[in-house]
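Down below is the structure, laid out as structure tokens.
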Amino acid sequence: MSQKLNKSTEARVGRDNQRYNEENSARIVCGCICLNESKDKVIMISSSKHKDRWILPKGGNELDETMEETAIRETWEEAGIEGRILKILPIVQDSRGSKAPVIKGEFHPDVATPKTEFHFFEMKVDELSKSWPEMKKRQRRWCTYSEAKHELIKSKRLELVSALDSSSLKKDDIDNY
Ligand code: 5FA
């Protein structure tokens, strides 16, 4: 795998170059499950739209990028992480079901966010930068499996729980939560 990272100081914005699934018009979103060396911790970030909700670094796949490039770029922009992609994880579908709008053609973020298809990669974290493009917008923290799952359920992001479950993150004692 190529593993290219352009450590930009600003995040890409806008949806003009967003890639959609040609069959069902789902928005393609890519991200990383960022693990420590011993694979018992994962990095979570706060959502920019809901500051009290914790999610995983991810964002829209753009037309000039491979899915892996998007995952690496978003992980840098949103979480300031550099690392090595170890594997591709199974695709997970939007957990909003029929409530998620299907939009054909041009996308208008102010009107609705279309249904999403998530492509996650497992990454081993090499370095956490002290500064990164979205550091003023987001918090970042290491979590155990049970902490991460607890936060994702609280954030109503069951598709992100599926992505986490498909990774090599070691499961600790979930009964504590
Ligand atoms: N959204 C909310 N719940 C969703 C679900 N279960 N499945 C799919 N999408 C869901 O919010 C990003 C968008 O995802 C929102 O428009 C929301 O309606 C929709 P977020 O996941 O909380 O992430 P964020 O607040 O950090 O938002 P951004 O990083 O700006 O958005 P993206 O992750 O879409 O990526 P971008 O970097 O390409 O903009």
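Ligands are counted one by one from 1 in listed order, and the atoms in each one are counted from 1 as well.
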Could you tell me, atom by atom, which parts of ligand 1 come under 4.0 Å of a heavy atom of [X]?
| X | result |
| --- | --- |
| S95 | 6 (N) |
| E74 | 37 (O), 38 (O) |
| G59 | 35 (O), 36 (P), 37 (O), 38 (O) |
| D94 | 5 (C), 6 (N), 7 (N), 8 (C) |
| E78 | 29 (O), 37 (O) |
| T116 | 8 (C), 9 (N) |
| K58 | 20 (P), 21 (O), 23 (O), 32 (P), 33 (O), 35 (O) |
| G60 | 35 (O), 36 (P), 38 (O) |

Validation row: D64, N17 side chains within 4.5 angstrom (heavy atoms):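 The answer is no, as the side chains (C-beta and beyond) never meet within the 4.5 Å cut-off.
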Side chain to side chain, I153 and L158, heavy atoms closer than 4.5 Å: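 I153 vs L158: side chains touch.
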Nearest neighbour of atom 26 (O) of ligand 1 from the list R138, K49, R27, Q18, on a heavy-atom basis: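 Minimum heavy-atom distance to atom 26 (O) of ligand 1 goes to R138.
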At under 4.0 Å between heavy atoms, is it the side chain or the backbone of [X] that contacts ligand 1, or both, or neither?
| X | answer |
| --- | --- |
| F118 | side chain |
| R53 | neither |
| I55 | side chain |
| K115 | neither |

Donor-acceptor pair between S129 and K7 side chains, under 3.5 angstrom: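 Absent: no donor and acceptor within the cut-off.
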Side chains of E134 and S48, donor plus acceptor under 3.5 Å: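 E134 vs S48: no donor-acceptor pair found between side chains.
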N or O contact, K156 vs ligand 1, cut-off under 3.5 Å: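 No, there is no polar N/O contact under 3.5 Å.
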N/O separation below 3.5 Å, E159 to ligand 1: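 Right, the criterion is met.
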NZ (K171) with more than 12 external heavy atoms under 6.0 Å: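 Yes, the 6.0 Å shell around NZ holds more than 12 heavy atoms from other groups.
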Partner residues of L128 under the side-chain contact (heavy atoms from CB on, under 4.5 Å) criterion, sequence neighbours left out: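 Residues passing side-chain contact (heavy atoms from CB on, under 4.5 Å) with L128: I43, I81, V125, R140, W142.
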Pairs satisfying salt bridge (Lys or Arg N to Asp or Glu O under 4.0 Å), at least one member in residues 40-59, at least two apart: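 Those involving residues 40-59 do not exist here.
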W76 side chain to E82 backbone, donor-acceptor under 3.5 Å: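 No: the side chain of W76 does not pair with the backbone of E82.
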Short side-chain to backbone donor-acceptor contact, E117 and N21, under 3.5 Å: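 A pair under 3.5 Å: no.
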Least distance between heavy atoms, D172 atom then S146 atom: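 The answer is OD2-OG, 2.7 Å.
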